[in-house]
Every structure is written in C-alpha cells, then in structure tokens.
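Taking it in order: structure first as structure tokens, then the write-up.
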Amino acid sequence: MNIYNEFKTLIVQALAALAADGAIPAGLDTSKITVEPPRDPAHGDMATNAAMVLCKAAGMKPRDLADQLAARLMTLDGVDSAEPAGPGFLNLRIARGLWDRALRSALQAGASYGDSQMGGGEKVNVEYVSANPTGPMHVGHGRGAVFGDALAALLAKAGYAVTKEYYVNDAGAQVDVLARALHGRYLVACGAISQAEFDRRLEAKEYQYGGDYLVETAEILKSRDGDRWVAADEAEWLPALRAFGISEMMVLIKQDLLALGVEHNVFTSELGLVQAGQVAKAKEALETQGLIYTGVLEPPKGKLPDDWEPRPQTLFRASQFGDEVDRPLQKSDGSWTYFASDIAYHHDKYVRGFNQMIDVFGADHGGYVKRMQAAVKALSAGTAHLDVKLCQLVKLMDNGEPVKMSKRAGTFITLREVIDHPGIGKDVFRFIMLTRKNDAPLEFDYAKVTEQSKDNPVFYVQYAHARACSVQRNFIEAFPDADVSAEALAGADLSLLADDDEVGLMKLIAAWPRAVEQAAESHEPHRLAYFLHDVASAFHALWNKGREHTHLRFVEAGNLPLSRARLALVWGMVTVIASGLSVFGVEAKKEMR
RNA sequence: GCGCCCGUAGCUCAACUGGAUAGAGCACUUGACUACGAAUCAAGAGGUUGGAGGUUCGAGUCCUUCCGGGCGCACCA
C-alpha cells in the first residue's frame, strides 16, 4: 500500500471529473503525473506536477489548472489542504488520520510491511556471481553476489516471481588452464617434480593459477587416484583433472557463498548446455531468422593485435540489434565461443518463461552488454528484456591505506579473507556493499566498517534497531501487564503522538512502501540503505529530543496510553528497519552489547 | 581511434528516473551526559554539480562539444 500511488489515483480521478464537467479537455495523458514527497517538508506532505505536465495539452495556464484541481481535491476526505505553488506544483496536506492508518498497517504487516503487488507475479530471472570455477571468490565477486542477492530479494518483495541463478562457466579454455595448474600441484604432491620446478613453470606461464588453494585440491586428488596421472598423457589426464578441479572449485565457491549468506535457486552448467545440444539449437533459432552468416570481421580499430589475420567466422548479426559489429559464435577450431553458449543460456531462460532477465557482471564485462542484449532481443522477437547491472571495483583499504594483495589467492584478495577479518562478518560486508550504487566504485575500509560509530552505516542502523528494542524492554518494565504485541500496539491511540518529530517519523514509516517500489523499479537496492539511514537518523533525533524534553520520552511511567502510542511509533520504525535489513540479508540486532 | 560507465562540499558518497532553496556522513567550529543506551543528538560553516553551448515552464539528471578518470575493443571468459 503505497500512499503516494493512492493519491495519484485520486488525482487522476479528479482530473477525469473535471473533464466530465468540461472544465478541462478530456483524454489527457496522465502518465507523466507524479505524486511525491516534496523536498522541503514545509511545502506539505505531497506534491504533484499534474498541472505543469498537462497545461500544454489542456491549453491552460498551469496555475489555472492547478486551481481547478485544488478545488476538486479539497472536497476529498483525507485532504486537509491543496495549494498551488511555485511554477504550478500542487501541494497537498494529508489528514492526520491517514498517517495513523499507515502506522497501523505497518504494525499489522510486520516483516511483510512494504511488500508490493507491483510485479504482479511476473517472472524475473536474476543471474549473479557466475564466477569461473577456477578458484575461490574474491572481493569483486562478493560485491556482485551481495548486490544480486539483495536485488533478487527486493524484487521478490515488490511482487515479482524471482529465480536466482548461477551460470557455471565450465566449458571454456579457463577450465583447461585450471586443470593444468592442478596437474602441476599434483605432480608436486606425488613427488614427480620439485616445488622449485613448479615455481619455475608458474613463472614461465606454463601454469596460470598459482594460488595455494590448489595444493589442497591436489592432495585430495592424490588420495583419491594415487599417482595414476603422473605418467599419463595430457589427453588422458586433462579431462579427468578438469572435471575434478571444477567440482572441487564449485565446492569452494559454494562454501564462500554460504559464508556470505547467498543462496541460488538454480545452477546452470555451460558444459551441460553444450553437451545437450542447446547451443546448436539456439544457433538454429537465430539461423531461421537469417541472423547467422559466415563472414570476415574488420580488424579492430586502434591497436591491431599482433596475431590478427582475416578469418571467416560464424557470425551473429548483433549489429541489427544495436551492437556495433556482428559477433562470432564459433572459434576457428569449430568450438563454441563463450558468447554462443551464453546465447544458449539466455535462450534457455527465455524458454523457461522469463521475459525479464537481469545479469549482474563485473564492470570489466561492460563491452559484453550490447551483444547480449542484442541476442536476447533476437531470440525473443523483442518480447524479453535483459538488464545488465555492472558492479564496479571494490577498493580495499585499511585506515586509508590500500590493502596488499594476498599470496594465497595468487592475485586477488579472497572474499573469505575479508569476511573473516575481525569485526567484519557477513552482515557488515553485505550492508556496506549495498551503500553504493552498483556502477560506482566502492571503498571498503577495514578500520571504518568495524568502527562502532555513526561513521559506520551498518552500526548506525543496527544501533537504532537495538535502541528501539531497549525502549520496548523499558516499556515492559514500566507496564508489566501491558500487551506489547504489534496487534495491541496497532490499537493504541495514535492521536497522542503530537510532536512534529513524532509525526515526521510516522511519515517516514509511511514512505517505506514507496521506497521499496522505487528501488525495485530502478533495480537499485542501495536506495534502501539510504532510506534506512534516514529512518534511523529520525529515530536517534527523537530519542535525544526526549533527553532534553522529558515529556517527549518514549516511556512515561504512569501514562500507559501515551507510552503505548509511542511504543507503537518506535515499533513501526523497528518494522521498517527489520523489513529493510531482511531484504539485505542482514540480521537486525536486539542489542549491541 | 571507437564504445560503455563516471566527474557533485576538503574527503567518501546521495539526490525519488526532468521538479521548488542540490543533501548526508567524515573532518572543522560551538553546544547537550545526577539522563529511557552520549556507540547519540542540536547548531554553524562548507558548492558556478569538470568547462561551454542547447532542448523547456524547470536540467546535477536529456542532447551536442571539449577536458579529466575507469573499463572494454576478433577464434578470453
């Protein structure tokens, strides 16, 4: 129940009534009308741009249109005042009873407060993480994982039927590279080569994954298979070690995901798609539309690669769908490109009934977006939509100093190292990852995120929640027989909440459903982090106001009706924070000690 | 060279998809603990939104063009 949307409906109805009276032309396009809280609360509770948006089509001055609309709206229950302002805004003041009603509905809804029907049950597929199965997750993966997970939860809250997917890239060249590196570690484990020889080969780029994590994997392999792969030909050991390596790496990755609290519904194997003939099928689907041909691409502009040579390739006409050039589906050895199997994967999603797809990638995949969107457009005859969210880098800092690279991971700092850092853990990591827009770089400073102060947004929000729980404890102490259930609180006499800041907090609580819908619509969960911060801030302010003015304290011994009304307010705030944190997958703490 | 993303207070970042006087936190200045948790709060100061044009009732947001940064640019994923 988004109160702003309700009023938009009322305004559209009022306009229709004006049109019926002949005061304005009929059939105006009302789609651009917005109803939103004004930036300056002094302007009222809601502002609409209706008069400004419609004035041209109506052939009226915005001010006149606003006057007409204002007069009409004034007759409605729930509208205390409607005043034209500025260039043609219409500012509304809403009856107090509606804010009371919003708080009651928050209390009654509990954790489901803010749930929306916006999505109408439409199926949405969110693909995220999809890290290559070649090693443990690093911090960048962690950001994508948290972002995708929170976005999925947000869309679910907004009424979409969400499926969370992980695409396992187990078919390309990278997994061969993994197999070779694993083989090297295995030779060391079996005593076939020395550690020094391994290091030499690593230096010579014979092996590309130097991370220590493969040492243990090699040990497991040795204990399973003995030394049977030592003398074997590569053609023999490669497939075996590849399969083993992939499954072991997926175990590592799933452990990391578990530690982050990230859970996918579906894991799709690239190799599986290839073996099942899905790639060929997807290619055929494009072929029947005449979108596949064999051709030679122009050399890339700018720096020419050393090994460039004209080569006939199987190409997809991506340029017909907004991409710059056509894109190859097959390598010169006839095997599929990554793009080809990814087309098959998205085709598969489409066939499974997803017309809304979201892919969460690292920012280094930016060049890949257009061709994938082109493919989805082509495969669905334009009926499916793919949104690609690119997550920028995470800059790891400690007290302002960049954190050094890790030996264990080879190059990257592992996700594990970060969430196992003293004082961090999954909740801190998750929340901080969501305090920035996905396409903005994010600075993650160990010192700052573990600080217990308002400089640390995780702490600040959780502290508000814990403080509120403390109010409840005090209330129970003062009124041992009183019912503190949300249902009972919803029955409190809310008209006793008279202070401006109390009403201000009520309005914030009432704005939560709108915040959820807007964050969901824009695919931007970070907005909720800011909203929660605002709610926490309003609560902390009210708390301190009670410190200076004792009559504003939440719990007033001997005054049960007032105390109950205030606890209802506090609990409304708790409801919003708990609801928001659950979207983020972060625990709401009852106490900080 | 081309494409995508970005440029907002000293620093890190918001800005409700084009709305009214561009907002928070940190840092800085001042004030509030015999006190429901001072891990907090109140107040002050801080800006030509990288520059210049354009679109319109109205631009940080859209268009054009420069400047500066990041990423990507056939048979890698």
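Please read these numbers as outputs of a predicted model, since none were measured by experiment. Lettering follows sequence order; numbering is per chain, from 1.
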Under 3.5 Å donor-acceptor pairs involving side-chain atoms of residues 432-441 of chain A, not counting sequence neighbours:
unit_1, atom_1, unit_2, atom_2, d
T435(A), OG1, I432(A), O, 2.6
R436(A), NH1, Y530(A), OH, 3.1
N438(A), ND2, L390(A), O, 3.0

**Q.** Residues forming a side chain to side chain contact (heavy atoms under 4.5 Å, CB included) with A57(A), sequence neighbours excluded
**A.** L28(A)
Q: Test side chain to side chain donor-acceptor pair (under 3.5 Å) on S341(A) and E270(A) and set out the steps.
A: CA-CA 7 Å; S341(A) 47; E270(A) 179 185 2; 2.6 Å; yes
Q. Is a donor-acceptor pair below 3.5 Å formed from side chain R527(A) to base C16(B), judging by atom type as modelled?
A. no
Q: With C1' as the reference atom in both, quote the distance from A45(B) to A39(B) in angstrom, rounded to an integer.
A: 26 Å
Q. Can you tell me how far P of G19(B) sits from CD1 of I33(A), to the nearest Å?
A. 15 Å
(Q) Judged by each residue's nearest nucleotide on RNA chain B, which is more toward the 5′ side, Q313(A) or K395(A)? (A) K395(A)
Q: Could you work out the separation of U29(B) and C67(B) based on their C1' atoms and round it to a whole Å?
A: 36 Å
Q | Residues which pass salt bridge (charged side-chain N to carboxylate O under 4.0 Å, His left out) with K448(A), listed by chain and number, not counting sequence neighbours | A | none
Q) Between K437(A) and A15(B), is there a side-chain N or O to OP1/OP2 distance below 4.0 Å? A) yes
Q. Hey, which of these two, R514(A) or A466(A), hits RNA chain B nearer its 5' end, going by closest nucleotide?
A. R514(A)
Q: Give the nucleotide from the list G37(B), A14(B), U40(B) with an atom nearest to the side chain of H540(A).
A: U40(B)
Q.
In whole Å, measure the gap between the P atoms of U48(B) and U8(B) for me.
A. 13 Å
Q) Just checking E309(A): base, sugar-phosphate only, or nothing, at a heavy-atom cut-off of under 4.0 Å? A) base
Q | P gap between A24(B) and A20(B), integer Å | A | 14 Å
Q: Select base, sugar-phosphate, or nothing to describe what F475(A) touches, counting heavy atoms under 4.0 Å on all strands.
A: nothing
Q: Have a look at D364(A) and say if it touches a base, only the backbone sugar-phosphate, or nothing, with a 4.0 Å heavy-atom cut-off.
A: sugar-phosphate
(Q) What contact category does Q452(A) fall into here, base, sugar-phosphate, or nothing, at under 4.0 angstrom with non-hydrogen atoms? (A) base
Q. Tell me, what's RNA chain B's dot-bracket, Watson-Crick or G-U with both distances under 3.5 Å, | for other-strand, [ ] crossing?
A. (((((.(..((((.....[...)))).(((((.......))))).....(((((..]....)))))).)))))....
Run the side-chain donor-acceptor check on residues 513-521 of chain A: report pairs under 3.5 Å with partners two or more places apart or on a different chain.
unit_1, atom_1, unit_2, atom_2, d
E517(A), OE1, N2(A), ND2, 2.9
E517(A), OE1, N5(A), ND2, 3.1
E517(A), OE2, S116(A), OG, 2.9

Q. Does anything in residues 52-60 of chain A reach RNA chain B, meaning a heavy atom under 4.0 Å, and if so which residues?
A. M52(A), K56(A)
Q | Ionic contact status for K589(A) with D427(A), cut-off 4.0 Å | A | no
Q: Quick one: label R327(A) by what it contacts on the DNA or RNA (base, sugar-phosphate, nothing), any heavy atom closer than 4.0 Å.
A: nothing
Q | Y368(A) side chain near G3(B) phosphate (N/O to OP1/OP2, under 4.0 Å) | A | no
Q. Q174(A) side chain: which of C76(B), G3(B), A39(B) is closest?
A. C76(B)
**Q.** Proximity to RNA chain B (any heavy atom under 4.0 Å), residues of residues 541-552 of chain A only
**A.** A541(A), W543(A), N544(A), R547(A)
(Q) If you compare every side-chain N and O of K331(A) against the phosphate oxygens of A77(B) (OP1, OP2), does one of them come in below 4.0 Å? (A) yes
Q.
Can you give me the closest heavy-atom contact between S130(A) and N169(A), atom names plus distance?
A. O-OD1, 3.6 Å
Q) Knowing that exactly one of F431(A), F531(A), F147(A) qualifies, which makes a ring pair (Phe, Tyr, Trp, His ring centres under 6.0 Å) with F584(A)? A) F431(A)
List the atom pairs, donor and acceptor, that lie under 3.5 Å between side-chain atoms in residues 546-559 of chain A and the rest of the protein, sequence neighbours left out.
unit_1, atom_1, unit_2, atom_2, d
R553(A), NE, G546(A), O, 3.4
N559(A), OD1, L562(A), N, 3.2

(Q) Please enumerate all residues that pass salt bridge (charged side-chain N to carboxylate O under 4.0 Å, His left out) together with R527(A), with sequence neighbours excluded. (A) E524(A)
Q. Does Y4(A) have any ring-ring contact (aromatic ring centres under 6.0 Å, His included) partners at least two apart in sequence or in another chain, and if so, which?
A. none
Q.
Measuring only the P atom in each nucleotide, how far is C4(B) from U64(B)? A whole number of Å is fine.
A. 9 Å
Q: Would you confirm whether H533(A), through its side chain, and A529(A), through its main-chain N or O, come within 3.5 Å as a donor-acceptor pair?
A: no
Q | Nearest-angstrom distance, C1' atom, U30(B) to U65(B) | A | 47 Å
Q) If the P atom of U49(B) is compared with that of G10(B), how far apart are they to the nearest Å? A) 12 Å
Q: Using salt bridge (charged side-chain N to carboxylate O under 4.0 Å, His left out) as the criterion, list what pairs up with D176(A), not counting sequence neighbours.
A: R242(A)
Q) If you look at every strand shown and take non-hydrogen atoms under 4.0 Å, does E298(A) touch a base, only sugar-phosphate, or nothing? A) nothing
Q: Report which part of the nucleic acid V555(A) touches: base, sugar-phosphate, or nothing (heavy-atom distance under 4.0 Å, all strands).
A: base
Q: Would you mind classifying the nucleic acid contact of G172(A) as base, sugar-phosphate or nothing, using non-hydrogen atoms under 4.0 angstrom?
A: sugar-phosphate
Q.
Can you build the contact string for nucleotides 20-27 of chain B? Use B for base contact, S for sugar-phosphate-only contact, and - for no protein heavy atom under 4.0 Å.
A. B---SSS-
Q) Is a side-chain donor-acceptor pair under 3.5 Å present for H365(A) with D359(A)? A) no
Q: Have a look at P37(A) and say if it touches a base, only the backbone sugar-phosphate, or nothing, with a 4.0 Å heavy-atom cut-off.
A: base
